[in-house]
Amino acid sequence: MLKAVDITKVYPSNRVRALEKFSIDIKPGEIMGLLGPNGAGKSTFVRIAVGVLDRDLGSLSVCGYDSDSERKKISNLVSWIPQEGTSKMILNRTGRENIIYYSWIKGLSRKESERRIDELLEKLNIDKRILNKTYRIMSGGQKQLTNIINGLIMDSKLLFCDEISVSIDPIITKSIYDYLREYTSDGRAVLLTSQNISEVENLSDRIAIIQSGKLVALDKPREISKKILKYEVIDLIFENDVVENKAFSSFNSELEEQKYFQSEELNNNVLHIRSDNANKLLKSILVLLEKYSLNPSIESGKANLSMALQMLKKEEEK
Ligand code: ADP
């Protein structure tokens with residue numbers, strides 16, 4: 001359905017390397033989650049894949065068509081729900097008028113558009129009055145719902161959803177996800193970008209993880225979770241400068257030998273300790289802190305996505 005090989009993109013204005021030999025494939029009937037922290041390159045990839053941004057290097061085919069020579073054919077087969085705030089809706093028209101206008105450009109009659117809009121509003125549990133508002137005065141969430149209906153209306157073979165759940169209430173989000181499941185049941189495919197691991201984990205058949213424009217992992221959610229969520233973090237927050245402190249150095253050397261210790265990083269007198277079992281490691285840490293008369297504040301929890309990605313990357317580099 002989509003095959004991207006070694007896509008590289010450097011923005012000329014600031015020379016940011018947004019994508020670096022990024023490769024991904026999406027199969028018919030698949031929901032692919034594209035997960036990564038802010039600025040990882042997700043939107044850049046989506047914009048290249050839907051044909052509104054040129055890549056510098058690499059090859060791309062969508063629905064079997066080459067993205068250079070057959071771009072027009074591709075644009076008739078894909079739909080795109082862009083990130084909130086980046087859509088091209090006409091501000092002084094209502095949501096409904098906007099959707100009808102854009103679907104007319106894509107070849108849908110007004111009557112058919114009206115029918116599909118009403119069908120989607122009902123399926124997704126969206127209050128139909130929202131679309132009667134002028135786009136300019138809609139809330140962020142209402143604008144996003146307008147964009148979602150606009151993206152779903154064509155029933156395209158390949159649908160790109162770029163962080164669509166931001167600013168939408170959980171009940172509607174749930175019905176959108178249910179709808180996406182149904183959407184792919186006859187071979188259509190979806191690419192869903194997000195920064196939220198649990199959102200992507202529950203919905204996707206496979207997950208691609210992107211960091212600094214590079215593909216870090218691509219696998220089934222269970223395999224990805226096994227890799228990523230095994231990490232936990234313990235932060236020791238020291239009040240004073242510890243870099244030159246002898247007791248701290250001795251503490252640190254012993255810490256590195258503890259079972260369940262994985263790695264650490266000292267940042268502004270906060271020691272970030274990574275563990276595959278924080279509870280158990282914490283017990284040894286408390287003993288060591290007592291031994292060396294150190295008294296930092298302690299915080300412990302699951303690694304957030306950005307940390308988890310850093311760890312994954314380090315692990316792969318080893
Ligand atoms: P994500 O969607 O994962 O948050 P983006 O693809 O939006 O990431 O951005 C990837 C990188 O490219 C970031 O460093 C971002 O600042 C940069 N970038 C995105 N769009 C542009 C642009 N139009 N011009 C210059 N740099 C950009």
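Numbering of ligands and ligand atoms starts at 1, following listing order. Only heavy atoms go into these numbers, but all of them, side chains included; no hydrogens, no water, no symmetry mates.
Atom numbering of ligand 1 starts at 1 in the shown order; those under 4.0 Å from a heavy atom of Ser13 are 24 (N), 25 (C). Every atom of ligand 1 is numbered from 1 in the order shown, and the set under 4.0 Å from a heavy atom of Asn14 is 25 (C), 26 (N). Close approach of ligand 1 to Pro37 (heavy-atom distance below 4.0 Å) involves ligand atoms 3 (O). Listed by atom number, the atoms of ligand 1 under 4.0 Å from Val16 heavy atoms are 11 (C), 12 (O), 14 (O), 17 (C). Close approach of ligand 1 to Asn38 is summarised as follows: ligand atoms under 4.0 Å from at least one heavy atom of the residue are 4 (O).
When only non-hydrogen protein atoms are considered, atom 19 (C) of ligand 1 lies nearest to Tyr11 CE1, 3.4 Å. What sits closest to atom 5 (P) of ligand 1 on the protein, heavy atoms only, is Thr44 OG1, 3.7 Å. Summary of contacts: the protein heavy atom closest to atom 7 (O) of ligand 1 is Ser43 CB, 3.8 Å.
At least one cation-pi condition fails for Arg93 and Tyr135: the charged atom is not both under 6.0 angstrom from the six-membered ring centre and inside a 45 degree cone around its axis.
A donor atom on one side chain and an acceptor atom on the other are found under 3.5 Å apart for Ser43 and Asp162. Side-chain contact of Thr146 with Arg96: a donor-acceptor pair under 3.5 Å is absent, judged by distance alone. Checking Asp56 against Thr8 by side-chain atom types alone, no donor-acceptor pair falls below 3.5 Å. For the residue pair Asn132 and Thr94, no side-chain donor N or O sits within less than 3.5 Å of a side-chain acceptor on the partner.
Taking distance alone, with nitrogen or oxygen atoms compared against 3.5 Å, Ala40 approaches ligand 1 more closely than that limit.
Within the 6.0 Å centre-distance limit, the rings of Phe45 and Phe22 are counted as a close aromatic pair.
Residue contacts with ligand 1 do not include Gly213, since none of its heavy atoms lies under 4.0 Å from the ligand.
Taking the charged nitrogens against the carboxylate oxygens, Asp186 and Arg188 do have a contact shorter than 4.0 Å, which makes a salt bridge.
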